[in-house]
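This structure is a prediction, so every number in the text was calculated from the model and none was measured. Just so we're on the same page: letters track the sequence lines, and every chain starts at 1.
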Amino acid sequence: MRIATWNVNSIGARLERVLAWLELHQPDVLALQELKCTDAAFPLMEIQALGYEVATWGTGRWNGVALLSKVGLSDVTIGLTDQPEYEGALEPRAIGATCNGVRVWSVYVPNGREPDHDHYSYKLEWFAALQATVDAEMKASPALPLAIIGDFNVAPSDDDVWDIAKFENSTHVTPAERAALISLQSIGLVDHLPRALKGAPYTFWDYRQAAFGRGWGMRIDLVYANAPFEAAITDCWIDREERKGKGASDHAPVVVDMEASA
DNA sequence: ATGGCTAAACCTTTTAGA
């Protein structure tokens with residue numbers, strides 16, 4: 001079974017690449033982030049034509065998450081329990097479903113913008129809601145393989161950015177953000193490190209300043225797995241190739257290969 | 001061999017991304 005996550009930075013702009021990637025790598029489950037479209041505008045027919053069931057939560061210009069599966073898609077959960085709002089709106093940043101006996105959450109954690117910004121405190125509150133939601137699920141079904149996959153918008157360690165000196169007074173590397181990840185680990189989740197096919201294990205390279213060509217990347221798209229999920233993993237890798245060329249997302253897919261489950 | 005932003009909407013500027 002192959003499960004992948006990919007922040008596509010607009011499913012509309014990325015559709016041809018996504019379809020080609022699905023055909024090439026044949027994931028059983030794909031978690032998407034930053035759809036940047038409404039549920040009604042999601043290219044459902046094109047994805048279904050490749051054999052996938054689809055669950056989406058998108059409200060328009062910003063955010064948006066989805067789960068695609070060709071091994072079943074049940075118990076779909078839209079959003080987190082007691083998910084915090086931002087400026088009065090419940091943003092589409094988390095969707096969960098059970099696929100072939102595996103619980104998968106596709107998440108797009110708030111960016112935070114600046115450490116003293118309201119968006120930053122929102123980010124930390126959002127992490128707390130994510131943890132509470134998943135903790136309750138794991139307590140209800142301890143043997144069920146579960147993983148949170150997606151764009152966490154936090155680099156877990158200094159080694160997960162190309163130059164930590166460039167991140168003074170910026171989000172993604174602050175102690176409080178990293179503490180949110182450590183807290184997720186405290187409830188039984190493991191940050192499963194992907195194998196870097198080439199170079200550093202980054203998953204994001206900014207569009208600006210030719211960041212990709214310079215190797216200015218970050219590992220912020222993460223796989224947080226519980227023990228049953230972790231035990232089934234046989235490989236985990238970053239498809240850096242997908243970041244290349246015209247029309248790429250600024251994030252690369254992260255792929256998890258695992259033993260087939262029930 | 002990878003390339004100096006990109007995308008969507010409030011659309012000729014603004015907002016957000018990280």
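Counting non-hydrogen atoms under 4.0 angstrom, A/Ser10 reaches the backbone sugars and phosphates but no base. A/His117 comes within 4.0 angstrom of no nucleic acid atom, judged by non-hydrogen atoms across all strands.
At a cut-off of 3.5 angstrom, the base of B/dT15 holds at least one donor-acceptor pair with the side chain of A/Arg61. For A/Asn111 and B/dA18, a side-chain-to-base donor-acceptor distance below 3.5 Å is present, hydrogens and geometry of angles not being considered. Donor-acceptor pairing under 3.5 Å, judged by distance alone, is absent between the side chain of A/Arg240 and the base of B/dT2. Contact annotation: side chain of A/Arg208 to base of B/dG17, donor-acceptor pair present below 3.5 Å.
Look at the C1' atom in both B/dT15 and B/dC11: the space between them is 12 Å, to the nearest Å. B/dT12 sits 26 Å from B/dA18 when the P atoms are compared, rounded to a whole Å. To the nearest whole angstrom, the two P atoms, one in B/dT2 and one in B/dT6, are 16 Å apart. Here the separation of B/dG4 from B/dA9, taken at their C1' atoms, is 26 Å to the nearest Å.
Checking side-chain atoms of A/Asp206 against main-chain N and O of A/Ala211 turns up no donor-acceptor pair under 3.5 Å.
Contact check on A/Arg178 versus A/Asp158 returns a salt bridge, with a Lys/Arg side-chain nitrogen under 4.0 Å from an Asp/Glu carboxylate oxygen.
Listed pair A/His251 / B/dA18 meets the phosphate criterion, a side-chain N or O lying under 4.0 Å from OP1 or OP2. A sub-4.0 Å separation between OP1 or OP2 of B/dT2 and a side-chain N or O of A/Lys244 is present. Regarding contacts with the backbone of B/dT2, every side-chain N or O of A/Arg243 stays at 4.0 angstrom or more from both OP1 and OP2.
Between A/His25 and A/Trp237, the ring centre distance stays below 6.0 Å.
Residues A/Glu87 and A/Ala248 each lie close to DNA chain B; by heavy-atom proximity, the contact nearer the 5' end of the strand is made by A/Ala248.
Counting only N and O atoms by type, the side chains of A/Asp39 and A/Thr56 include a donor and acceptor under 3.5 Å apart.
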